[in-house]
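Chain A is the first sequence line, chain B the second, and so forth, proteins listed ahead of strands; every chain is numbered from 1. Here the structure is a predicted model, which means the values were calculated and not measured.
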Amino acid sequence: MPSMAQGHGGVRNSTENSNDSYARRQNILQQRKSLPIASVEKRLADEVRKHDILIIVGETGSGKTTQLPQFLFQAGFCRDGKVIGITQPRRVAAVTVAKRVAEESGVQLGQRVGYSIRFDDRTSAATKIKYMTDGLLLREALLDPYLSRYSVIIVDEAHERTVHTDVLLGLLKKVQKARSKSGHDHSSADNKKTSNGFPLDNENGARFNGIFKQRQGGKLPPLKLIIMSASLDAHVFSEYFGGARAVHIQGRQFPVDILYTLYPETDYLDAALITIFQIHLEEGPGDILVFLTGQEEIESVERLVQERLQQLPEPIRKLITVPIFSSLPSEQQMRVFAPAAAGFRKVILATNIAETSVTIPGIKYVIDPGFVKARSYDPSKGMESLNVVPISKAQALQRRGRAGREGPGKCFRLYPESEFEKLEDSTKPEIKRCNLSNVILQLKALGVDDIIGFDFLEKPSRASIIKSLEQLFLLGALTDDCKLSDPVGHQMSRLPLDPIYSKALIVASQFNCLEEMLITVAMLSVESIFYAPREKLEEARTAMKCFASPEGDHLTLINVYRTSDEFLEKRKMEITKEKNEKLLRKWCKENFINSRSLRQARDVHSQIRGHAEQMGLCVSSCGDDMLQFRRCLAASFFLNAALRQPEGTYRALASGQVVQIHPSSVLFRAKPECIIFNELYNSLMSRVLSCNMEWEQED
DNA sequence: GAGCACTGC
């Protein structure tokens, strides 16, 4: 992923001369002072002192993420060696914000200010302000249930309601209760019974006892909790935390005019196309951002724009299209950041990635068709799927905001205002739209046994909880009375993987093929290892054939990984690490492999290998005996098994659904009698065409 | 012979 700064400019390293550095520090000081949050520094610190829980609603550009932790540090919240933790839903945000705050504080990154994300820890014993992903803090809680090193935890972007944020909020509520109790009498053995079921009543008590004893000398101060949200949902959080105090901080955004169509559009792609040209021909300079639902839509709109451009007279053809979506290789993603040539207008065709993850400079016009591809979950089948659905009002607001970051902008909504009114206020939280196996496994490991009774911010359906409990039971992670099994359940909860993958590792360790399974699971954990651009499809196919195994896609992935490994091994002694990386990227390009994905897979591999070794699993290879390995696959992926039917389609055993092998699979032609699959995709729907656009401006 | 929103540990 390219570096996608949030809010602030980049960071320079500290090798500049002192004059330059002085000017720069003055500049930073000015910028900090001009932020809306600057005027309420004292008040905010007081609020945090007075209230153990505080909700902060801060609009975009308020400076809350960078400034509040610094205010609290100055106000003395890091005394006694305690740390202020700030969680972010995304890795890039944690990194870029930490860099900015380190610079503002005039310290080296990793000293007083640092960040910690998976595979990349830039903290030290000196770190007092620590930015991290919310998922990482959840993992940390498994090792330190009281989160005892933190005096303050700030949950940022809570309105996004990711699974991690939601689980974290429930957990923090418990930790806070447990800590205020432990503050009075934390060393008493009675505490085990009085801590409201958490976290000391875990049957896994020995581990917590250890932490407990260690703390006898020092009293644990209450945990301060700050929930930061950009939306108007403050009351949801406030009610959840027993009527917690909420404060509002103004933002700094430029005005964005909203235009609605007069009539509903039957074909939003065509409507988007017309709007792009309408803007191009009638509006002033400024780039256009179009929100589409996926790769296919992006590619087809790109083609249509090119075609239509050819029909225009030469002087007004100055329009370039740039696609961006997550599975696009990084080098191509970076193109959205390059300014268009002089006199040209840039049209960015993006998925939701541009809604929050990527901030693209220069956007003045946003085209919002009002749809998004979203995950949904059917507990009766135990199956997740992706569907195109209308966005929520909150999403529409967020998309509009993308046009007002550098100056006033315009947002073209490809639907009438009456349709906007019908949209849901906010997006359904992810926890209600996904498989809960992983969530349940983690909560169990944290000592929460009654999942249905757990105090979720919003409870997932009972059916959904029960389905996941059932799956975990079938995987052997839970005992008959729904407790974490020993050792399988505990081992699975420690692995940062989908429970099925964790199970596969444990099974493989017993049948001497853990080495193969570690590679498989790492490769399955990342997205789209193979990258086949449409224009080079044939070449890509030939390249893939070198790796293909007649025994299936899993073995094919092992071949890719091992070939890349051998490639690196051969050159290891000769050159530097950077050069090595560069060579690997070149190798990937030649073999039509997404180098970012392979890099990720290598990271995952080394991390889970470390975990497996720590657990005492036996890391050995089955050599050429792939039957053994395939048996292990079958023994762990049985929830994803399908049998061939007479007409050549397959029936998924767990859900009864009729499915097909994807044409990109090496088994597409072979059609074996029994297969295990990793994922099920929906097939696409067709569209109708229409035209005719009239606009109406909001009052 | 068809096509995979976005995150995260």
Side-chain angles (χ1 to χ4, degrees), chain A residues 1 4 87-94 116-121 132-143 157 160-168 291-300 324-328 350-358 371-376 384-389 391 395 398 427 430-431 433-434 438-439 441-442 445 492-499 501-502 522 525-534 537 540-541 594 597 600 603-604 607-608 610-611 648 660-669 671 678-685:
Chain A
M1 190 70 55
M4 295 143 181
T87 70
Q88 296 289 327
R90 280 171 297 279
R91 294 162 55 96
V92 252
S116 187
I117 59 178
R118 189 185 188 186
F119 310 132
D120 191 6
D121 182 12
M132 63 197 135
T133 46
D134 42 18
L136 194 102
L137 186 61
L138 270 178
R139 286 279 158 191
E140 229 179 87
L142 287 175
L143 304 172
E157 315 281 10
E160 289 192 23
R161 302 294 304 277
T162 66
V163 186
H164 285 159
T165 302
D166 271 26
V167 175
L168 190 59
F291 284 101
L292 297 167
T293 67
Q295 177 176 355
E296 192 180 323
E297 278 186 11
I298 288 175
E299 285 170 350
S300 79
I324 183 165
F325 45 90
S326 99
S327 64
L328 198 69
T351 58
N352 247 16
I353 195 171
E355 210 177 275
T356 46
S357 311
V358 179
F371 290 95
V372 66
K373 205 177 276 185
R375 175 180 288 154
S376 64
E384 292 182 334
S385 60
L386 284 174
N387 299 47
V388 174
V389 296
I391 57 171
Q395 271 180 299
Q398 175 71 21
T427 315
E430 198 188 355
I431 201 160
R433 295 184 282 120
C434 72
N438 228 335
V439 167
L441 205 53
Q442 288 216 31
M492 282 173 67
S493 72
R494 281 182 61 189
L495 291 162
L497 292 169
D498 182 305
Y501 297 171
S502 302
S525 297
V526 302
E527 236 143 82
S528 49
I529 281 288
F530 295 103
Y531 174 70
R534 201 180 291 263
L537 208 57
R541 264 179 215 158
N594 186 328
S597 300
Q600 280 171 5
D603 284 339
V604 173
Q607 188 191 35
I608 56 179
H611 273 112
Q660 280 174 290
I661 299 184
H662 195 277
S664 65
S665 166
V666 295
L667 296 179
F668 179 70
R669 278 178 211 282
K671 284 199 172 30
N678 200 47
E679 232 178 330
L680 294 180
Y681 290 124
N682 283 350
S683 23
L684 217 79
M685 44 192 137

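Phosphate contact (OP1/OP2 of B/dC9, side-chain N/O of A/Thr133, threshold under 4.0 Å): present. Residue A/Thr351 places at least one side-chain N or O closer than 4.0 Å to OP1 or OP2 of B/dC6.
Position along DNA chain B of the nearest nucleotide to A/Arg118 versus A/Pro663 favours A/Pro663 as the more 5'-ward residue. Comparing A/Leu136 and A/Ser528 against DNA chain B, the residue whose closest nucleotide sits nearer the 5' end is A/Ser528.
The side chain of A/Ser326 approaches B/dT7 more closely than any other nucleotide in the set B/dC4, B/dT7, B/dG1. The listed nucleotides are B/dC6, B/dC9, B/dG3; the one nearest the side chain of A/His164 is B/dC9. When the nucleotides B/dG8, B/dC6, B/dA2 are ranked by their closest atom to the side chain of A/Ser664, B/dA2 comes out on top. Nearest to the side-chain atoms of A/Lys373 among the listed nucleotides B/dC4, B/dG1, B/dC9 stands B/dC4. Here the side chain of A/Ile353 is nearest to one of B/dC9, B/dG1, B/dT7, namely B/dT7.
Side-chain contact between A/Glu160 and A/Arg90: present, with at least one pair of heavy atoms (C-beta onward) separated by less than 4.5 Å.
Counting any heavy atom pair closer than 4.0 Å across all strands shown, A/Arg375 reaches a base atom. Within the 4.0 angstrom heavy-atom criterion, no nucleotide atom of any strand lies near A/Arg433.
When the C1' atom of B/dG3 is taken as reference, atom OH of A/Tyr531 falls 13 Å away, rounded to whole Å. Rounding to whole angstrom units, OH of residue A/Tyr501 and P of B/dC9 are separated by 17 Å. For the pair A/Glu296 CD and B/dA5 P, the interatomic distance rounds to 9 Å; values are reported in whole Å. The CZ-C1' distance, from A/Arg494 to B/dC9, rounds to 14 Å in whole Å. Atom pair A/Glu384:CD and B/dC6:P shows a separation of 15 Å (rounding to whole Å applied). For A/His662 and B/dC4, the NE2 to C1' distance is 7 Å, given to the nearest whole Å. Taking atom CD of A/Glu160 as the reference point, atom P of B/dG8 lies 11 Å away to the nearest angstrom. Between A/Leu168 atom CG and B/dC9 atom C1' the separation is 13 Å, expressed in whole Å.
Looking at residues two or more places apart in sequence or on another chain, you find a side-chain hydrogen bond (donor to acceptor under 3.5 Å, both in side chains) between A/Asp603 and A/Arg599.
The backbone N or O of A/Leu497 sits less than 3.5 Å from a side-chain atom of A/Asn438, completing a donor-acceptor pair.
A distance of 11.5 Å separates OG in A/Ser385 from NZ in A/Lys373, rounded to the nearest 0.5 Å.
At a cut-off of 3.5 Å, with distance as the only test, a side-chain donor of A/His662 or A/Ser664 sits close to an acceptor on the other residue.
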